[in-house]
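Below: one structure, written as structure tokens.
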There are 2 protein chains.
Amino acid sequence: MILKSQVEWALHCCAILAGLPEGRYLSTKALAEFHGVPKEYLSKALQSLSQAGLVHTTLGPSGGYRLAGTPAELTFLDIVEAVEGKARTFVCNNIRANNPCRPQGYCESGACAVARVMWEADEAWRDKLRSVRLSDLIDTLAKEIPAELWKSSFEWVLERAG
Amino acid sequence: MILKSQVEWALHCCAILAGLPEGRYLSTKALAEFHGVPKEYLSKALQSLSQAGLVHTTLGPSGGYRLAGTPAELTFLDIVEAVEGKARTFVCNNIRANNPCRPQGYCESGACAVARVMWEADEAWRDKLRSVRLSDLIDTLAKEIPAELWKSSFEWVLERAG
DNA sequence: CAAATAGGGATATCTATTATCCGTAATAAC
DNA sequence: GTTATTACGGATAATAGATATCCCTATTTG
Ligand code: SF4
Ligand code: SF4
């Protein structure tokens, strides 16, 4: 059970977009080149972000993406769920229904204890992701990334931002 | 990103095995029939439990599986990890290494902030699973399952336990 | 010895992920 | 207006992983 690589891509892209000046847009092409991933496939991840309303887009030359809100309004969970979906990671196949001792017409009263525990764990995962904002990530990155690299990356992006 | 159905199967099988009297064993065949799942494939899940040391096995007629310890010593995490593996759900493809601005020979100092957050969320999921013991599940099931069904299932199992 | 079992290897099938390609509509620059 | 560039969506192919089956072996019970 492994998250799609698009999740990592989307998170990194949002981190880049967070540094974009007001009103500017960055294209799929630039984001793909910066991260060294296939443009067409990254495009699907960005479209997921767009459909979830996390980013705004414009068409045409100098078009591309920018965050829909401030980095403080965007959580890891928003981004992860936009790409990975909101479905729970444990699906109940209701195998108890095959129990040979089960009385005819016995109707389960909702999900059993097994499923509930698994879903609680799922929620714990989501709670953690919900508690970290994109702005928190930027703060950490700014501290950890060498100032020179941070600056040159920023300039690289600005050169290509429409 | 969805957990294997074997996870559900393994959890249910452990719940059944927890009710087994000391020294008795229950076969793959019986467990598969009880849950209505393919015997050969369920066998793989049970082998995973065996390899993880969670259950003991014996061969021959009247052979099968029993818990290696008490239900209180076994957590959800033990069972889930035995079947699903201990690998983290977020894998870092190190796409920052493709950054065109990255200085030659620049060596990353461990995983970046993105990966660390995702791994913390993964840990939160595992912490939750670690906090629930098999004995807790049995307690809940005993409360929720109709006494009659509980009893007949128990008898069904005992008839087939070696 | 005969029957039943766990275990493991090989293999097939199905599904989801990963990736590419192409056509369309919209937009900006010229 | 024309052209270049872009996001978007549909179709499709390639790959990997999950699901499932089959068969052989060693071991144990009776
Ligand atoms: S026992 Fe729980 S997890 Fe298993 S099939 Fe029933 S509801 Fe689903
Ligand atoms: S930035 Fe983090 S998640 Fe992304 S490639 Fe680097 S270490 Fe991995």
Side-chain angles (χ1 to χ4, degrees), chain A residues 1-10 13 17 23-33 35-66 68 80 82-85 87 89-91 93 95 160-162, chain B residues 1-10 13 17 23-33 35-66 68 80 82-85 87 89-91 93 95 160-162:
Chain A
M1 191 200 53
I2 290 177
L3 290 165
K4 319 195 207 197
S5 52
Q6 283 190 339
V7 170
E8 180 186 359
W9 302 356
C13 286
L17 293 182
R24 312 277 301 267
Y25 290 82
L26 195 60
S27 70
T28 306
K29 190 183 166 203
L31 285 166
E33 191 185 341
H35 293 120
V37 299
K39 177 169 81 85
E40 303 290 348
Y41 191 35
L42 173 63
S43 171
K44 302 295 183 186
L46 295 173
Q47 282 175 41
S48 295
L49 295 179
S50 173
Q51 279 163 14
L54 308 185
V55 295
H56 278 166
T57 68
T58 47
L59 293 174
S62 83
Y65 297 87
R66 67 171 175 83
V80 170
V83 173
E84 189 68 39
T89 60
F90 179 86
V91 297
N93 297 109
I95 67 174
R160 285 154 184 87
Chain B
M1 191 201 52
I2 291 177
L3 289 165
K4 320 193 206 202
S5 52
Q6 284 191 336
V7 169
E8 179 184 2
W9 301 356
C13 286
L17 294 180
R24 313 276 302 267
Y25 289 81
L26 195 60
S27 70
T28 306
K29 190 184 166 202
L31 286 166
E33 191 185 341
H35 292 120
V37 300
K39 177 167 81 82
E40 305 289 348
Y41 192 36
L42 174 63
S43 171
K44 302 294 182 187
L46 296 172
Q47 283 173 39
S48 295
L49 295 179
S50 173
Q51 281 163 12
L54 307 184
V55 296
H56 279 165
T57 70
T58 48
L59 292 175
S62 84
Y65 297 86
R66 67 171 175 82
V80 171
V83 173
E84 188 68 39
T89 59
F90 178 85
V91 298
N93 296 109
I95 66 174
R160 286 153 182 88

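All values below come from the heavy atoms of this structure, side chains included, with hydrogens, waters and symmetry mates left out. Chain letters run A, B, ... following the sequence lines, proteins first and then strands; every chain starts at 1.
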Mind checking what makes side chain to side chain contact (heavy atoms under 4.5 Å, CB included) contact with A/A52, not counting sequence neighbours? A/L54, A/A82

Separation of C/dT27 C1' from A/Y25 OH (nearest whole Å): 12 Å

Tell me: OH of B/Y41 to P of C/dT13, nearest whole Å?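 Rounded to the whole Å, the gap is 16 Å.
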
Hey, could you give me the [atom1]/[atom2] distance between [X] and [Y], rounded to the nearest 0.5 Å?
{"X": "A/F90", "Y": "A/M1", "atom1": "CZ", "atom2": "CE", "value": "12.0 Å"}
{"X": "A/Q6", "Y": "A/S43", "atom1": "CD", "atom2": "OG", "value": "9.5 Å"}
{"X": "B/T28", "Y": "B/Q47", "atom1": "OG1", "atom2": "CD", "value": "8.0 Å"}
{"X": "A/T57", "Y": "A/L49", "atom1": "OG1", "atom2": "CG", "value": "11.5 Å"}
{"X": "B/W9", "Y": "B/L31", "atom1": "CH2", "atom2": "CG", "value": "12.0 Å"}

Anything under 4.0 Å to a heavy atom of chain B counts; send over the first and last such nucleotide of DNA chain D, read 5' to 3'.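 For DNA chain D, the relevant span reads D/dT19 to D/dT29.
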
Main-chain N/O of B/A161 paired to B/R24 side chain as donor or acceptor, under 3.5 Å: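 Present.
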
Toward the 5' end of DNA chain D, which comes first, B/I2 or B/P38, by nearest nucleotide? B/I2

Would you say B/C13 and B/L42 make side-chain contact, with heavy atoms under 4.5 Å?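 They are in contact (side-chain heavy atoms under 4.5 Å apart), so the answer is yes.
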
When you check every protein heavy atom under 4.0 Å of nucleotides 2-10 of chain C, what one-letter string (B, S, -) results, 5' to 3'? -BBBBBBB-

